[in-house]
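A short write-up of the structure that comes next.
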Amino acid sequence: MKPPIPDDDSFLELTDLSASTPEERAAADALRDALDWHSTADDDAALLASLKAAHSPTPIDDAVHRAIVERALAAAAVTRSPFEGATPKRGMVIRVAFGASALAAAAAVAFSLRAPTASDDIEPFVARSAQALFTEPFTMGGTTARVDRIASARAAEFRENQFARWGVR
Amino acid sequence: MLALVPSFFDPQAERALAHAMGLVSFMLPAVEPDDANAAEDERACVAKAQAGDRAALGALLQRYGPVLYRSVLLPRLGSDMAAREALSDTYAKVVERIDQFVWQSVGFYPWLRTVALRVALDQLRARKRLVLWEAEDVEREVNESNSSTPIDDKLSDQRDRVAAKAKVDDALARIHPRYAEAIRLRVLEERPRDEVAATLGVTPATFDVLLHRAVAALRKAVSPHEAGSTKTAAAGSRRGAAEAPRPRSNG
């Protein structure tokens, strides 16, 4: 939980840590970790990131943008027929959506009714430990920072997977 | 052109009209042939996109997307992930509504920018996290966009970026200069933590707390109504601050 924002200006000057509260130091540590990990899981880090984004916005990666355009055009191909003029055909959308849904339902039924095969002996998914993310001993009161670090690392991995799936990394 | 003037005009009126038209054409900036050709090319491209030509639609999105992302969406939404999502949503709306676009002399970009602003507005309303732009700011821009977006996308890009930097400067001007410097050096200039701490004359650990307080001050300045909700809790912290040794002024 973030320490409350004091109402007067007495907290403005800060020259050493003795003038800060333990809650402030914990929140400061969380912010430092979030900045180091380029994470916006922390609310303060997100606000700073928005400041940076407004001050010096970075351009979008060409490959990422191409992928976004292609997804939009693919959706356009589903909803609009180039041979039927400019008016989108809602009936086409409904027919395609219904057909896709029916196909997916049929596939699900077929999958559930198939005879067991050797490939059903699938290795159970191994949950990953987050221990590798921490090199220092755990201390009291640092739960939020540890959770933020895990969330940040997993978010970064998820992004990498997305980029890999889009073929841009 | 005068052949189109109705014949019931008397010759004197015709001469006056011709003189006026000559004056008006002299006052208007001459349309460069390249600009005129570019506008016509874009108009043709939009017409093709409206007719279902995916390549034409792709060309439009490919051309204006980077500008939308960098100047319109990213500054207002505050993160690249949110901006990419908004760009994707913008394109979905363009695909859905391009039929509703009516070509005017201002071109395609102002309409596209307005669509993007509306998407950004929806996102800001839906999210709970504080960023530099508030939903009300973007709503005002949406209302103004139809009449004030420059025709040229480069001009619009420049104007949006200047406005974004001005918003940052305004926010930092509302907090203590020491805090503003901490944020400017560490976040905007991305200097290393140790270097910034040394510049400000504190230890790195103290700088962490200083930066945290700077953000708290910024949050209060940017969104006073959010800061106001912590007033009851602040009473406890004032008691705590009174008990803690007061720091010496950093002359």
Side-chain angles (χ1 to χ4, degrees), chain A residues 2-21 24-25 27-29 31-32 35-36 40 43-44 46-60 64-66 68-73 75-77 79-88 159, chain B residues 50-54 57-58 61-62 65-66 69-71 74-75 78-80 84 87-88 91-92 95 99 129-132 164-165 167-168 171 176 178 183 187-188 202 205-206 208-213 215-216 218-220 227 230-231 233-234 237-238 240-241 244-250:
Chain A
K2 293 286 182 187
I5 301 170
D7 218 15
D8 54 35
D9 293 341
S10 64
F11 74 120
L12 285 177
E13 293 302 323
L14 177 68
T15 55
D16 58 69
L17 275 180
S18 64
S20 58
T21 65
E24 278 189 302
R25 288 196 286 277
D29 289 343
L31 176 58
R32 182 200 60 231
L35 291 176
D36 286 343
T40 53
D43 283 348
D44 286 348
L47 179 56
L48 292 178
S50 76
L51 208 72
K52 173 80 175 158
H55 183 265
S56 39
T58 53
I60 190 169
V64 169
H65 183 238
R66 265 198 307 276
I68 295 175
V69 171
E70 281 166 20
R71 273 206 306 280
L73 295 182
T79 59
R80 302 164 62 87
S81 167
F83 303 108
E84 295 184 35
T87 308
R159 278 197 298 279
Chain B
Q50 288 177 315
D53 186 332
R54 286 173 56 202
L57 179 60
L61 301 182
Q62 199 66 38
Y69 173 87
R70 191 175 183 182
S71 303
L74 183 55
S79 79
D80 55 358
R84 280 201 299 266
L87 188 64
S88 194
Y91 288 174
V95 165
D99 296 340
R129 180 169 274 180
L130 178 67
V131 291
L132 187 61
K165 274 205 163 141
K167 199 164 178 69
V168 171
H176 193 279
R178 183 168 161 79
I183 292 174
V187 178
L188 302 187
V202 296
T206 302
D208 293 338
V209 179
L210 182 67
L211 186 64
H212 161 70
R213 291 185 176 183
V215 177
L218 180 69
R219 184 179 292 278
K220 200 170 174 179
T230 63
K231 273 191 189 307
S237 80
R238 273 203 298 275
R246 294 178 66 85
R248 289 191 303 276
S249 171
N250 185 26

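Here is the naming used below: chain letters follow the sequence lines, and residue numbers restart at 1 for every chain.
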For His55(A), ring-ring contact (aromatic ring centres under 6.0 Å, His included) partners two or more places apart: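 His55(A) satisfies ring-ring contact (aromatic ring centres under 6.0 Å, His included) with no residue once adjacent residues are dropped.
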Donor-acceptor contact present, side-chain Tyr91(B) to main-chain Ile68(A), <3.5 Å: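 Side chain of Tyr91(B) to backbone of Ile68(A), a donor-acceptor pair under 3.5 Å: no, none is there.
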Atom group of Ile183(B) that falls short of 4.5 Å from chain A, counting heavy atoms: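 When you check distances to chain A, only side chain atoms of Ile183(B) fall under 4.5 Å.
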Per-residue contact mode, Lys167(B) against chain A (heavy atom under 4.5 angstrom):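 Contact with chain A is absent: no heavy atom of Lys167(B) under 4.5 Å.
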Contacts of Val131(B) that satisfy side-chain contact (heavy atoms from CB on, under 4.5 Å) - sequence neighbours left out: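 Ser50(A), Leu124(B), Arg127(B).
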When Leu87(B), Val168(B), Asp80(B) are compared by non-hydrogen pairs under 4.5 Å with chain A, the top option: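 Greatest number of close heavy-atom pairs with chain A: Val168(B).
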Note, Arg32(A) side chain near His212(B) side chain (heavy atom, < 4.5 Å):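 A side-chain contact is absent here, since even the closest heavy-atom pair is not under 4.5 Å.
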Contact winner vs chain B - Leu35(A), Asp29(A), Asp36(A), Thr58(A), heavy-atom pairs under 4.5 Å: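 Most heavy-atom pairs within the cutoff with chain B belong to Thr58(A).
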